[in-house]
Undergrad: 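One structure follows; several queries about it will come next.
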Amino acid sequence: MSTNKDKLLLHVCCGPCAVYPTKFLQEQKIQFDGFFHNPNIHPASEYSKRLENAKKLADIRDFNLIVDEEYFEDLWLEYVDVPTRCKKCYTIRFEKAFKYASNNQYKGVTTSLLVSPYQQHELIIKIANSFSKQYNIPFVYYDFRPHFREGQAEAKEIGLYRQKYCGCLSSFEDKLTFDINKELRKEEKANG
């Protein structure tokens, strides 16, 4: 019987991004538990969809998913359009993951955020390493980015909801602005 000392804690940002990392860890025979702590996701309906699909993936892949349903809507309103919003987002989520891993004696922490070419890998590494030192638990870095498209294709194939923005209120607003501008360009093109 394995204990947490034999396992990694995989911070799961969402189901689709966890598809490849969970596949990789299982293929490598690396024992892990998933940890869903994403108080940044807005609106609440989006948070619910992403949690539901992380649970769906955990059922499909047959891994334990620990869920921390803490939600900080008011906090994220403070960080709309702030250049350091990603740093704040990583910090909040990683601190909780490392603290949980330390308190429950996991052998290390990693994150499904590492699959996305849209995430700031150097910043992730820096923040995760700082919590690694603080909580005396290793950060295990994997560059999953080369397999991003593979994971997204599998997520589509197994019917996972695939979101169109990172998660925070700012990224949601960025997506809305992008969509509006895209429609305006189509109208301009159609009108000539």
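When a residue number appears, it is its place in the shown sequence, counting from 1. Values in this document were obtained by computation on a predicted structure and should not be read as measured data.
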Undergrad: Around atom NZ of Lys99, are there more than 12 heavy atoms of other residues, nucleotides or ligands at under 6.0 Å?
TA: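 12 or below, so no.
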
Undergrad: Going by an N to O cut-off under 4.0 Å, is there a salt bridge joining Asp68 and Lys96?
TA: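 Salt bridge present between Asp68 and Lys96.
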
Undergrad: Please answer whether the main-chain N or O of Asn104 pairs with a side-chain N or O of Asn4 as donor and acceptor at a distance below 3.5 Å.
TA: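 Checked: pair present.
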
Undergrad: Nearest 0.5 Å please: distance from the OG atom of Ser112 over to the CZ atom of Phe144.
TA: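 Reported value, rounded in 0.5 Å steps: 8.5 Å.
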
Undergrad: Looking at every non-hydrogen atom in both residues, tell me the closest pair between Gly151 and Tyr20 and how far apart they are.
TA: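 Reported closest heavy-atom pair: CA-CB, 4.2 Å.
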
Undergrad: Determine whether more than 12 heavy atoms belonging to other residues, nucleotides or ligands lie under 6.0 Å from atom CD of Glu70.
TA: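 Result for CD/Glu70: enclosed.
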
Undergrad: I'd like to know whether Ile60 forms a side chain to side chain contact (heavy atoms under 4.5 Å, CB included) with Asp62, so could you lay out the CA-CA distance, the side-chain angles of the two residues, the decisive distance to 0.1 Å, and finally the verdict.
TA: CA-CA 6 Å; Ile60 291 167; Asp62 192 27; over 6 Å; no

Undergrad: Please report the shortest heavy-atom distance between Glu95 and Tyr135, naming the atom on each side.
TA: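 In terms of heavy atoms, the two residues are closest at OE2-OH, 3.4 Å.
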
Undergrad: Look up atom CG in Leu123 and atom NZ in Lys126, then write down how far apart they are to the nearest 0.5 Å.
TA: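 Between Leu123 CG and Lys126 NZ, I get 7.5 Å after rounding to 0.5 Å.
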
Undergrad: Kindly give the heavy-atom pair with the smallest separation between Ile92 and Pro39, and that separation in Å.
TA: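 So the minimum-distance heavy-atom pair works out to CG2-CG, 3.8 Å.
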
Undergrad: After noting the C-alpha distance and the side-chain angles of Thr3 and Gln105, does the key distance pass the side chain to side chain contact (heavy atoms under 4.5 Å, CB included) rule?
TA: CA-CA 9 Å; Thr3 65; Gln105 301 178 332; over 6 Å; no

Undergrad: With rounding to the nearest 0.5 angstrom, report the CG to SG distance, Leu113 to Cys86.
TA: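 Reported to 0.5 Å precision, the distance equals 10.0 Å.
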
Undergrad: Is there side-chain contact between Arg93 and Asn40, with at least one heavy-atom pair below 4.5 Å?
TA: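 They are in contact (side-chain heavy atoms under 4.5 Å apart), so the answer is yes.
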
Undergrad: Show your working on side chain to side chain contact (heavy atoms under 4.5 Å, CB included) between Val115 and Gln152 and close with a plain yes or no.
TA: CA-CA 10 Å; Val115 79; Gln152 292 299 302; 5.6 Å; no

Undergrad: Nearest 0.5 Å, what's the CG-CD1 distance between Asp6 and Ile30?
TA: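 Output value for this atom pair is 12.5 Å.
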
Undergrad: For Tyr90 and Gln119, what are the C-alpha separation, side-chain angles and deciding distance, and is it a side chain to side chain donor-acceptor pair (under 3.5 Å)?
TA: CA-CA 10 Å; Tyr90 297 147; Gln119 296 296 330; 2.5 Å; yes

Undergrad: Under 3.5 Å, is there a donor-acceptor pair between the Tyr106 and Asp33 side chains?
TA: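 The answer is yes; a qualifying pair exists.
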
Undergrad: With a 4.5 Å cut-off on side-chain heavy atoms, are Lys107 and Gln31 touching?
TA: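 Side-chain contact under 4.5 Å: no.
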
Undergrad: Search all heavy atoms of Ala101 against all heavy atoms of Val109 and return the closest pair with its distance.
TA: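 Ala101 and Val109 have their closest heavy atoms at CB-CG2, 3.4 Å.
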
Undergrad: When the aromatic ring centroids of Phe98 and Phe35 are compared, is their separation below 6.0 Å?
TA: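 Between Phe35 and Phe98, which both carry aromatic rings, the centre distance is not below 6.0 Å.
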
Undergrad: Under a 4.0 Å threshold between the charged nitrogen and the carboxylate oxygen, would Arg50 count as salt-bridged to Glu46?
TA: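 Answer for the salt bridge query: yes.
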
Undergrad: Take atom CG of Asn136 as the centre, draw a 6.0 Å sphere, and report whether it contains more than 12 heavy atoms from other residues, nucleotides or ligands.
TA: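 Atom CG in Asn136 is not packed in, count stays at 12 or less.
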
Undergrad: Shortest non-hydrogen contact from Leu114 to Tyr141?
TA: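 Closest heavy-atom pair between Leu114 and Tyr141: CD2-CE1, 3.5 Å.
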
Undergrad: Which donor-acceptor pairs under 3.5 Å do the side chains of residues 9-19 make with protein atoms, sequence neighbours left out?
TA:
| residue | atom | partner | partner atom | Å |
| --- | --- | --- | --- | --- |
| His11 | ND1 | Thr111 | OG1 | 3.0 |
| His11 | NE2 | His37 | O | 3.1 |
| His11 | NE2 | Asn38 | OD1 | 3.1 |

Undergrad: Quick test of your reading: applying ring pair (Phe, Tyr, Trp, His ring centres under 6.0 Å), list the pairs with at least one residue in residues 114-133, sequence neighbours left out, ordered by first then second residue.
TA: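 Residue pairs passing ring pair (Phe, Tyr, Trp, His ring centres under 6.0 Å), neighbours aside: Tyr118-Phe148.
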
Undergrad: Parallel, tilted or perpendicular: which fits the ring planes of Phe24 and Tyr142, with parallel below 30° and perpendicular above 60°?
TA: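 Phe24 vs Tyr142 ring planes: perpendicular.
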
Undergrad: Is it true that, when you exclude Asp59 itself, more than 12 heavy atoms of the residues, nucleotides or ligands shown sit nearer than 6.0 Å to its CG?
TA: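 Yes.
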
Undergrad: Measuring from Glu52:CD to Leu160:CG, what's the distance to the nearest 0.5 Å?
TA: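 Going from CD on Glu52 over to CG on Leu160, the span is 10.0 Å.
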
Undergrad: Decide yes or no for Phe36 and Glu69: does some side-chain heavy atom of the first lie under 4.5 Å from some side-chain heavy atom of the second?
TA: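 They are not in contact (no side-chain heavy atoms under 4.5 Å apart), so the answer is no.
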
Undergrad: Can you give me the closest heavy-atom contact between Phe139 and Ser132, atom names plus distance?
TA: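 Result for this residue pair: N-OG, 3.5 Å.
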
